[in-house]
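Have a look at the structure that comes next, please.
Any value given below was found using the heavy atoms of this structure, including those in side chains, with hydrogens, waters and symmetry copies removed. A, B, ... follow the sequence lines: proteins, then strands. Residue 1 opens every chain.
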Amino acid sequence: MPEILEIEAYRRLAVQVVGRTVRSVQAPDAWFIKGGATPESLSAALVGRRFTAARRLGKLLLLDSGGPTLGLRFGMTGRLLVDGQAAIEHLEWGSRRFNPAWHRFGLTFTGGGQLIIDDPRRFGGVEIAPDEAALGPDAWTLGVGGLRLALAGGRGPLKARLLDQSRIAGLGNLLVDEMCWRASLDPCRPAGSLSDQESSVLARVMRQVLNQLDKRGGSHMGDLFEHRGRGACCPQDGQPLTKTTIGGRTTWWCPLHQQ
DNA sequence: ATTGTGGCCTGCCCGC
DNA sequence: TGCGGGCAGGCCACAA
């Protein structure tokens with residue numbers, strides 16, 4: 001599930017390990033280690049380091065230490081556990097079961113406690129010093145100007161541009177559908193075709209959706225979400241929703257009011 | 001360069 | 001009730 005809202009919840013949980021010193025690294029799945037690192041090099045880079053901050057950039061969770069920054073990605077089914085406690089108990093499309101074999105990465109700390117990534121599908125990963133510059137500005141703090149810049153000149157679909165993490169960091173499939181729906185924008189339209197007025201509305205909706213769904217508890221709490229699926233109708237005007245694929249992602253939208 | 005496609009993995013839901 | 005085909009919210013490499 002994790003989109004920006006879930007990663008922000010993970011970040012709040014990860015604050016609990018700030019100030020702790022890494023005693024050991026558990027990396028049973030070498031495939032989960034990205035950026036050319038190995039379980040051994042990761043261990044060498046982290047053991048003895050004390051975390052100084054927990055940051056988030058889009059869907060990337062960052063743990064700063066005196067040395068290298070540790071980047072954590074959660075793919076579609078990754079959950080964060082700290083001291084046995086999960087930031088989010090159940091992920092949409094995740095598994096409800098508990099299986100230690102899905103613990104792809106872990107840290108134990110001097111003085112006790114443990115941080116674990118639980119990821120059944122192994123789409124997540126950990127990386128030392130991930131390239132933060134490869135990501136666009138964070139969606140949560142993006143203003144109108146930043147949004148216009150991100151959309152400018154785009155010939156591809158609006159939705160594909162909004163999902164492009166190098167343009168805007170943090171938005172996933174569900175949030176983009178919700179935002180386009182609330183902003184009454186056809187997700188198939190070329191990104192660069194939005195008027196100044198339309199991009200202003202979208203920027204306002206973006207912030208509104210993130211703040212509101214954060215309070216509700218996640219990316220799957222949108223007004224459109226429960227209507228995704230067979231026989232879906234627009235909750236605003238009752239029109240049957242259209243299902244299409246944009247940017248390789250399943251897309252639900254209302255052909256009546258989204259123009 | 002930008003944009004589109006396929007593939008990575010595994011669990012689970014729906015329909016037969 | 002059991003089984004198998006789709007499908008899943010992310011991301012990357014590669015092709016056009």
Report summary line: A/Leu135 atom CG is separated from C/dC11 atom P, nearest whole Å, by 8 Å
Report summary line: Taking B/dC8, C/dC11, C/dA8 as options, the one with an atom nearest any side-chain atom of A/Thr250 is C/dA8
Query raised in the report: Would you say A/Arg155 reaches B/dT2's phosphate, i.e. side-chain N/O to OP1/OP2 under 4.0 Å?
Result: no
Query - Nucleotide opposite B/dC9 in a Watson-Crick or G-U pair, distances under 3.5 Å - result: none
**Report entry** Side-chain heavy atoms of A/Cys254 within contact of A/Thr242, under 4.5 Å
**Finding:** no
Query - Sugar-phosphate only, base, or nothing, as touched by A/Gly154 at under 4.0 Å among non-hydrogen atoms - result: sugar-phosphate
Query raised in the report: So which nucleotide from C/dC11, B/dG11, B/dC8 ends up closest to the side chain of A/Gln165?
Result: C/dC11
**Report entry** A/Leu57 CG to C/dC11 P, straight-line distance once rounded to whole Å
**Finding:** 11 Å
Requested in this report: Answer yes or no: is there an ion pair linking A/Asp83 with A/Arg20, defined by an N-O contact shorter than 4.0 Å?
Outcome: yes
Query raised in the report: Can you tell me how far CG of A/Leu135 sits from CG of A/Asp131, rounded to the nearest 0.5 angstrom?
Result: 7.5 Å
Query raised in the report: Between A/Gly247 and A/Arg167, which is nearer to the 5' end of DNA chain B once each is assigned its nearest nucleotide?
Result: A/Arg167
Requested in this report: For A/Trp102 and B/dT10, give me the distance from atom CH2 to atom P, rounded to whole Å.
Outcome: 11 Å
**Report entry** Donor-acceptor pair (no angle test) under 3.5 Å: A/Arg121 side chain, B/dC9 base
**Finding:** yes
Query raised in the report: NA contact type, A/Arg104, heavy-atom cut-off 4.0 Å: base, sugar-phosphate, or nothing?
Result: nothing
